[in-house]
J.: 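Mind having a look at this structure? Questions to follow.
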Amino acid sequence: MNLIDQLNEELLKVVKSVFKDLGAEFSDQHNTLVCFEISDTHEHGDFSTSCALKLSKKLNKKPAEIAELISAKLSVPWIEKSEILGPGFLNVYLDIETKANKLKELIERGPNYGKNKKNNKKILLEFVSSNPTGPLHVGHGRGAVLGMALSNLLENSGCEVTKEYYVNDAGRQISILTSSILLKAYATNFNVEGMYEGAYIHEIAQEFLKDHEKINVSLSLEGLSDDKEKKLDQISEYFQINHKEAWEAANSFSIMRILNVIKEELHSFNIIHDNWFHESSLGFVQDPSSDLSKSLSIIEKAGHTFSEGGAIWFRTTDFKDDKDRVLLRENGAPTYYLTDVGYHKNKIDREYDLCINVFGADHHGYIPRLTAAFDVMKNKKQAIEFMLYQLVNLHEDGSKRIMSTRKGEFYSLKELRNELGPDVIKFFFLEKKSDHTMDFDINLAKDESKNNPYFYSQYAHVRCCSILTKKSFDPSEAVEEKEIMKNFDIVNRLLTFPHLVESYAEERSPHSLVHYVKDLSAAFHAFYEQSPVINEDKKIENARLMLTMATKIVLANSFRILNVQPLEKM
RNA sequence: GCGCCAGUAGCUCAGCUGGAUAGAGCAGUAGCCUUCUAAGCUAUUGGUCGGGGGUUCGAAUCCUCCCUGGCGCGCCA
């Protein structure tokens with residue numbers, strides 16, 4: 001158990017006993033109020049609690065008096081002193097020997113420092129799930145990077161995480177993609193508005209021709225509608241009826257090709273999904289054993305559906321949605337919504353405790369209806385959660401680069417990666433709170449100086465490594481305790497890491513870890529300047545080597561969670 | 001019109017389940033290289049926390065109204 005958790009346990013005991021002494025009743029509601037926090041400045045000790053202020057009303061006593069009572073009873077061997085300041089804050093100071101021992105422990109644990117024990121919680125994390133109709137763009141990249149870091153954070157706190165990509169390999173968009181490929185292959189000059197465009201379509205069409213020399217298609221596309229959308233559907237229909245073989249071949253070929261492109265891109269970011277779940281595997285709604293029909297009948301049996309206009313609706317307005325939603329269309333075909341409901345039925349059956357969906361913020365309207373379906377279908381203890389990420393604006397030389405999937409001038413993730421490398425992109429994406437539009441400064445990402453937080457943090461790790469190649473920490477030798485006292489800032493950051501990283505996981509906030517890394521790096525750079533590690537005084541040297549070693553470990557562990565490779569040389 | 005997210009220093013952002021004097025970085029200003037990488041450090045300027053009300057010992061944080069920006073409101077996917 002880490003120090004602050006131990007301390008909190010003790011505090012809770014003490015507070016309960018104070019309640020008893022005063023003849024007041026302690027209810028479990030008070031539990032969350034009773035805890036220590038990491039002090040913001042040295043003057044407030046190592047840990048501080050404001051619980052006396054919070055309980056003041058309950059106990060009908062002045063905060064400072066309560067703090068006094070708590071302080072008198074609080075007996076933790078490794079607390080050197082405690083003091084009451086301000087309106088009733090109780091601040092405690094750890095003794096130096098304990099800190100030194102904790103630092104040694106940290107070094108012993110190495111890569112495992114900050115990791116929690118397994119907790120048997122099974123989590124399904126769905127992220128990216130971009131339609132296989134084109135390469136990933138920068139926005140998808142943010143979701144991908146975020147999902148991976150979140151997964152690492154959750155695994156670090158002992159959860160078992162399955163990373164899944166939902167492949168929309170059925171439906172209209174895929175039909176349009178297939179038509180686009182076939183037209184590009186067999187009717188070079190036939191341009192239709194709304195078809196997929198771009199170099200990748202051309203490439204896939206060429207490869208398709210090469211791989212399918214036997215297939216021959218001669219087109220006679222006449223009498224097409226003037227309506228743009230109708231026209232697209234007519235073309236798909238035409239191929240499916242008149243060139244069935246070519247259609248089926250092109251359909252699976254293009255999905256496969258594009259998925260490979262997506263997979264490769266994710267791999268170059270070291271983002272690896274455990275499962276690729278295909279929409280087509282959900283089956284047909286006519287088949288009673290399919291996930292689609294199973295989920296439909298559960299919702300029907302639960303009495304949440306009604307018929308209107310020939311369609312079957314889910315009364316999601318009973319679940320805080322702003323409109324009711326169609327599950328089964330008038331023509332008997334499932335809506336996209338129903339397929340997603342079926343997919344979640346599948347997740348539920350795989351018995352995950354928690355399903356997390358990482359969504360682009362433009363899908364936020366989808367949350368109430370999906371939650372509604374999930375809540376109707378789930379087993380008792382299952383939960384669903386959403387994590388949203390907002391747009392990325394690329395900035396260069398003070399102006400904005402344009403990105404839009406629809407216009408074909410989209411800025412692909414690959415282009416950005418080729419320009420900057422994957423790790424700096426990950427670091428920048430993770431630095432900002434996910435549910436916040438972010439400005440990505442390309443010039444800054446390229447900068448190799450302290451102005452670039454990625455560079456700055458890596459440089460701290462490099463400096464640690466550089467020193468440690470010259471000399472290494474010897475745990476059997478004595479360390480100068482004054483050094484630990486002097487470097488309060490860095491020591492406290494190191495020792496509170498396990499507690500902090502755990503809370504970042506609970507709060508689903510990888511960005512906090514990035515800020516932690518920046519802060520720790522800054523503390524180390526300052527230490528590096530004022531405290532030459534290689535030193536004539538062996539006790540001082542060993543203490544500084546210990547701090548260097550511990551910093552290196554914690555930085556490396558943090559980088560690992562962020563899915564960024566720590567550099568040893570620059 | 002309804003819903004979601006946001007508005008904090010000149011810029012980019014933390015802090016938001018109420019707590020101590022609102023924090024970083026950049027930019028600005030003034031310093032520091034015969035010493036483990038100056039790819040760095042130190043000091044310092046700069047804030048009516050979008051605005052008005054309210055809740056209380058205490059509000060950037062909670063409630064309410066308003067203003068501004070982004071996104072979303074299909075028997076599309």
Side-chain angles (χ1 to χ4, degrees), chain A residues 32-33 37 39-41 43-44 48-54 56-57 62-63 85-89 91 131 133 168 170-176 229 279 308-313 320-323 325-340 360-368 388 390-391 393 395 398 428 431-433 435-441 444 447-453 455-456 458-460 462-471 507 509 511-512 514-516 518-519 522 524-535 541 544-545 548 569-570:
Chain A
T32 51
L33 304 178
E37 279 159 32
S39 300
D40 47 1
T41 98
E43 283 123 51
H44 297 152
S48 62
T49 177
S50 59
C51 69
L53 290 120
K54 287 171 180 158
S56 158
K57 210 173 244 176
K62 281 185 185 158
L85 282 182
F89 291 97
N91 303 329
N131 282 349
T133 50
N168 291 106
R172 182 163 180 263
Q173 291 309 316
I174 293 297
S175 295
I176 295 173
E229 300 299 324
E279 180 187 344
E308 195 182 293
I312 297 176
W313 296 67
K320 294 181 191 163
D321 198 2
D322 52 358
K323 281 173 191 163
R325 308 289 168 179
V326 171
L327 289 166
L328 209 56
R329 288 179 205 145
E330 194 184 349
N331 64 7
T335 56
Y336 175 81
Y337 174 48
L338 178 56
T339 59
D340 238 358
D362 53 343
H363 284 74
H364 74 264
Y366 212 68
I367 294 174
L388 296 177
Q390 299 270 5
L391 287 179
N393 295 316
H395 287 270
F428 272 49
E431 188 192 1
K432 306 288 155 62
K433 232 170 31 181
D435 194 9
H436 199 299
T437 356
M438 74 170 291
D439 292 316
F440 190 106
D441 185 338
L444 184 60
D447 188 14
E448 301 197 341
S449 81
K450 71 194 181 83
N451 297 0
N452 178 344
F455 208 87
Y456 181 80
Q458 286 283 19
Y459 186 40
V462 168
R463 278 182 151 175
C464 293
C465 293
S466 158
I467 293 167
L468 292 166
T469 53
K470 296 190 170 66
K471 281 217 169 142
E507 289 157 15
S509 63
H511 77 276
S512 300
V514 178
H515 287 277
Y516 174 87
K518 289 199 298 187
D519 289 345
F524 184 77
H525 283 306
F527 162 77
Y528 180 95
E529 291 292 331
Q530 71 194 25
S531 312
V533 175
I534 311 294
N535 205 287
E541 179 177 275
R544 292 180 180 172
L545 280 167
T548 306
K569 270 186 189 168
M570 276 161 79

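Chain letters run A, B, ... following the sequence lines, proteins first, then strands; residues in each count from 1.
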J.: Under 3.5 Å for both distances, Watson-Crick or G-U wobble, that's the pair rule; now give the dot-bracket for RNA chain B, with | marking pairs to another strand and [ ] for crossing ones.
T.: (((((((..((((.....[...)))).(((((.......))))).....(((((..]....))))))))))))....
J.: Please give, in whole Å, the distance from B/A27 C1' to A/Asn451 CG?
T.: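 Going from A/Asn451 (CG) to B/A27 (C1'), I get 9 Å.
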J.: Taking the C1' atom of each, how far is B/C49 from B/A9, in whole Å?
T.: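 So the two C1' atoms sit 10 Å from each other.
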J.: Considering residues at least two apart in sequence or located in another chain, which fulfil the side chain to side chain donor-acceptor pair (under 3.5 Å) criterion with A/Asp321?
T.: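 A/Asp321 satisfies side chain to side chain donor-acceptor pair (under 3.5 Å) with A/Thr316, A/Arg325 once adjacent residues are dropped.
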J.: If you go through the side-chain atoms of A/Asp340, does one of them form a donor-acceptor pair with the base of B/A77 closer than 3.5 Å?
T.: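 No pair found.
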J.: Between B/G74 and B/C65, how far is it from one P atom to the other, in whole Å?
T.: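 Result for the P pair: 25 Å, nearest Å.
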J.: Is the side chain of A/Ser466 donor-acceptor paired with the backbone N or O of A/Val462 at a distance under 3.5 Å, no angle test?
T.: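 Such a contact is absent between A/Ser466 side chain and A/Val462 backbone.
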J.: Between A/Gln173 and A/Val533, which is nearer to the 5' end of RNA chain B once each is assigned its nearest nucleotide?
T.: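 Closer to the 5' end of RNA chain B: A/Val533.
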J.: Out of B/C36, B/A20, B/G19, which nucleotide sits closest to the side chain of A/Lys54?
T.: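 Selected nucleotide: B/G19.
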J.: Are any protein N/O atoms closer than 3.5 Å to N/O atoms in nucleotides 28-34 of chain B? If there are, list each pair with its distance.
T.:
none

J.: Over how many whole Å does the gap from A/Arg325 atom CZ to B/G74 atom P extend?
T.: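 Rounding to the nearest Å, CZ of A/Arg325 and P of B/G74 are 7 Å apart.
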J.: So how far is it from A/Asp441 CG to A/Asp447 CG, rounded to the nearest 0.5 Å?
T.: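 Rounded to the nearest 0.5 Å, the CG-CG separation comes to 9.0 Å.
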J.: Strictly below 4.0 Å: does A/Arg463 bring a side-chain N or O up to OP1 or OP2 of B/A38?
T.: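 For B/A38, OP1 or OP2 has a side-chain N or O of A/Arg463 closer than 4.0 Å.
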J.: Base, sugar-phosphate or nothing for A/Asn535? Non-hydrogen atoms, less than 4.0 Å.
T.: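 A/Asn535: no heavy atom of the nucleic acid under 4.0 Å.
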J.: What is the separation between atom CG on A/Leu444 and atom P on B/A39, rounded to the nearest whole Å?
T.: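 Rounded to whole Å, this separation is 18 Å.
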J.: Please check: side-chain N/O of A/Asn393 versus main-chain N/O of A/Asp439, any donor-acceptor pairing under 3.5 Å?
T.: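 Here the side-chain-to-backbone pair does not exist.
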J.: Between A/Tyr456 and B/C41, does any side-chain N or O lie under 4.0 Å from OP1 or OP2?
T.: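 Yes.
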J.: Would you indicate what A/His364 reaches in the nucleic acid, counting non-hydrogen atoms under 4.0 angstrom: base, sugar-phosphate, or nothing?
T.: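 Base contact - A/His364 has a heavy atom under 4.0 Å of at least one base atom.
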J.: Give one of base, sugar-phosphate or nothing for A/Ala526, where a contact means two heavy atoms less than 4.0 Å apart.
T.: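 A/Ala526: backbone/sugar contact only, no base atoms under 4.0 Å.
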J.: Partners of A/Lys569 by side-chain contact (heavy atoms from CB on, under 4.5 Å), sequence neighbours excluded?
T.: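 A/Lys569 satisfies side-chain contact (heavy atoms from CB on, under 4.5 Å) with no residue once adjacent residues are dropped.
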J.: At under 4.0 Å between heavy atoms, what does A/Glu279 touch on the DNA or RNA strands: base, sugar-phosphate, or nothing?
T.: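 The residue A/Glu279 makes no contact with any strand.
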J.: Does B/C5 adopt a syn or an anti glycosidic conformation, taking syn as a chi angle within 90° of 0?
T.: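 Because its glycosidic torsion lies more than 90° from 0, B/C5 adopts the anti conformation.
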J.: So, A/Thr335 side chain and A/Leu328 main chain: donor-acceptor pair closer than 3.5 Å or not?
T.: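 Between the backbone of A/Leu328 and the side chain of A/Thr335 there is no qualifying donor-acceptor contact (under 3.5 Å).
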J.: Sequence neighbours excluded, which residues qualify as ring-ring contact (aromatic ring centres under 6.0 Å, His included) partners of A/His525?
T.: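 With neighbours one apart ignored, the set is A/Tyr456, A/Tyr459.
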J.: Between B/U17 and B/C26, how many Å separate the two P atoms, rounded to a whole number?
T.: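 About 29 Å, rounded to a whole number of Å.
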J.: Distance check needed: B/G58 C1' versus A/Lys57 NZ, whole Å only.
T.: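 Checked: the NZ to C1' distance equals 11 Å.
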J.: For B/G31 versus B/U68, give the span between their C1' atoms, rounded off to a whole number of Å.
T.: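 Taking atom C1' in both B/G31 and B/U68, they lie 42 Å apart.
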J.: Please identify each residue that fulfils ring-ring contact (aromatic ring centres under 6.0 Å, His included) with A/Phe524, with sequence neighbours left out.
T.: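 By the ring-ring contact (aromatic ring centres under 6.0 Å, His included) rule, A/Phe524 matches A/Phe527.
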J.: Answer with base, sugar-phosphate or nothing: what part of the nucleic acid does A/Asn168 contact at a heavy-atom distance below 4.0 Å?
T.: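 The residue A/Asn168 makes no contact with any strand.
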J.: Whole angstroms only, please: what is the CD-P distance between A/Glu541 and B/U35?
T.: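 Distance, rounded to whole Å: 19 Å.
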J.: Mind checking if A/Ser531 touches a base, just sugar-phosphate, or nothing, with heavy atoms under 4.0 Å?
T.: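 Base contact - A/Ser531 has a heavy atom under 4.0 Å of at least one base atom.
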J.: Quick one: ring-ring contact (aromatic ring centres under 6.0 Å, His included) partners of A/Phe428, sequence neighbours excluded?
T.: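 Partners of A/Phe428 under the ring-ring contact (aromatic ring centres under 6.0 Å, His included) test: A/Phe440.
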J.: The criterion is side chain to side chain donor-acceptor pair (under 3.5 Å); which residues satisfy it with A/Asp435, sequence neighbours excluded?
T.: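 By the side chain to side chain donor-acceptor pair (under 3.5 Å) rule, A/Asp435 matches A/Gln390.
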J.: Taking N or O atoms only and anything under 3.5 Å, show me the protein contacts with nucleotides 12-14 of chain B, one pair per line.
T.:
{"unit_1": "B/U12", "atom_1": "O2'", "unit_2": "A/Lys432", "atom_2": "NZ", "d": "3.1"}
{"unit_1": "B/C13", "atom_1": "OP1", "unit_2": "A/Asp439", "atom_2": "N", "d": "3.2"}
{"unit_1": "B/A14", "atom_1": "OP1", "unit_2": "A/Lys433", "atom_2": "N", "d": "2.8"}

J.: Over all heavy atoms of both residues, which pair between A/Lys320 and A/Pro368 is shortest? Give the atoms and the distance, please.
T.: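 Shortest heavy-atom contact: O-CB, 4.2 Å.
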J.: So for A/Thr41 and B/A20, does any side-chain atom that can act as donor or acceptor lie under 3.5 Å from a complementary atom in the base?
T.: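 Per atom types, no contact qualifies.
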J.: With the threshold set at under 4.0 Å for non-hydrogen atoms, list the residues of residues 326-338 of chain A touching RNA chain B in residue-number order.
T.: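 A/Val326, A/Arg329, A/Glu330, A/Tyr336, in order of number.
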J.: Should the ring pair A/Tyr366 and A/Tyr336 be called parallel, tilted or perpendicular, given that the plane angle runs from 0 to 90° and is split at 30 and 60?
T.: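 Tilted, since the angle between the ring planes falls between 30° and 60°.
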J.: Just to be sure I understand the rule, does A/Ser48 reach a base, reach only the sugar-phosphate, or reach nothing, if contact means heavy atoms closer than 4.0 Å?
T.: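 The answer is base, as A/Ser48 lies within the cut-off (heavy atoms under 4.0 Å) of a base atom.
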J.: The criterion is side chain to side chain donor-acceptor pair (under 3.5 Å); which residues satisfy it with A/Glu229, sequence neighbours excluded?
T.: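 A/Glu229: side chain to side chain donor-acceptor pair (under 3.5 Å) contacts with A/Arg172.
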J.: Give the nucleotide from the list B/G19, B/C71, B/A77 with an atom nearest to the side chain of A/Leu53.
T.: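 Of the options given, the side chain of A/Leu53 lies nearest B/G19.
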J.: Expressed as a whole number of Å, how far does the P atom of B/U64 sit from that of B/C71?
T.: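 Taking atom P in both B/U64 and B/C71, they lie 26 Å apart.
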J.: For A/Gly309, which contact category applies under a 4.0 Å heavy-atom criterion: base, sugar-phosphate, or nothing?
T.: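 Since a base atom lies under 4.0 Å of A/Gly309, the category is base.
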J.: Classify A/Pro453 by what it touches in the nucleic acid, base, sugar-phosphate, or nothing, heavy-atom distance under 4.0 Å.
T.: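 Nothing, no heavy atom under 4.0 Å.
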J.: Using a 4.0 Å heavy-atom cut-off across all strands, classify A/Ala460 as base, sugar-phosphate, or nothing.
T.: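 Result for A/Ala460 = nothing.
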J.: Rounded to the nearest 0.5 Å, what separation is found between the OG1 atom of A/Thr548 and the NZ atom of A/Lys471?
T.: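 Output value for this atom pair is 12.5 Å.
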J.: To the closest 0.5 Å, what do you measure between CG (A/Leu388) and CD1 (A/Ile367)?
T.: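 One finds 4.5 Å between CG of A/Leu388 and CD1 of A/Ile367.
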J.: What's the gap between B/G46 and B/G54 when it is taken at their P atoms, as a whole Å value?
T.: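 Rounded to whole Å, the distance is 31 Å.
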J.: Starting at atom CZ of A/Phe455, determine the distance to atom C1' of B/A39, rounded to an integer number of angstrom.
T.: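 About 5 Å, once rounded to whole Å.
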J.: Provide the distance between the two P atoms, one in B/U42 and one in B/G69, to the nearest whole Å.
T.: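 Straight-line distance between the two P atoms is 41 Å.
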J.: Rounding to the closest angstrom, what is the interatomic distance between B/C33 and B/A38 at atom C1'?
T.: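 The same atom, C1', in both gives a distance of 6 Å.
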J.: When the distance from CD of A/Glu37 to P of B/G19 is rounded to whole Å, what number comes out?
T.: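 Going from A/Glu37 (CD) to B/G19 (P), I get 8 Å.
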J.: Can you tell me if A/Lys323 touches the phosphate of B/G3, counting only side-chain N or O atoms and a distance under 4.0 Å to OP1 or OP2?
T.: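 For A/Lys323, the contact criterion (side-chain N or O under 4.0 Å from OP1 or OP2 of B/G3) is not met.
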J.: Listed by chain and number, what are the side chain to side chain donor-acceptor pair (under 3.5 Å) partners of A/Ser509, not counting sequence neighbours?
T.: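 For A/Ser509, the residues satisfying side chain to side chain donor-acceptor pair (under 3.5 Å) (neighbours in sequence not counted) are A/Ser512.
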J.: What's the spacing between A/Leu53 CG and A/Leu33 CG if we round to 0.5 Å?
T.: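 Reported value, rounded in 0.5 Å steps: 11.0 Å.
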J.: When the distance from OH of A/Tyr516 to P of B/G25 is rounded to whole Å, what number comes out?
T.: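 Answer to the nearest Å: 17 Å.
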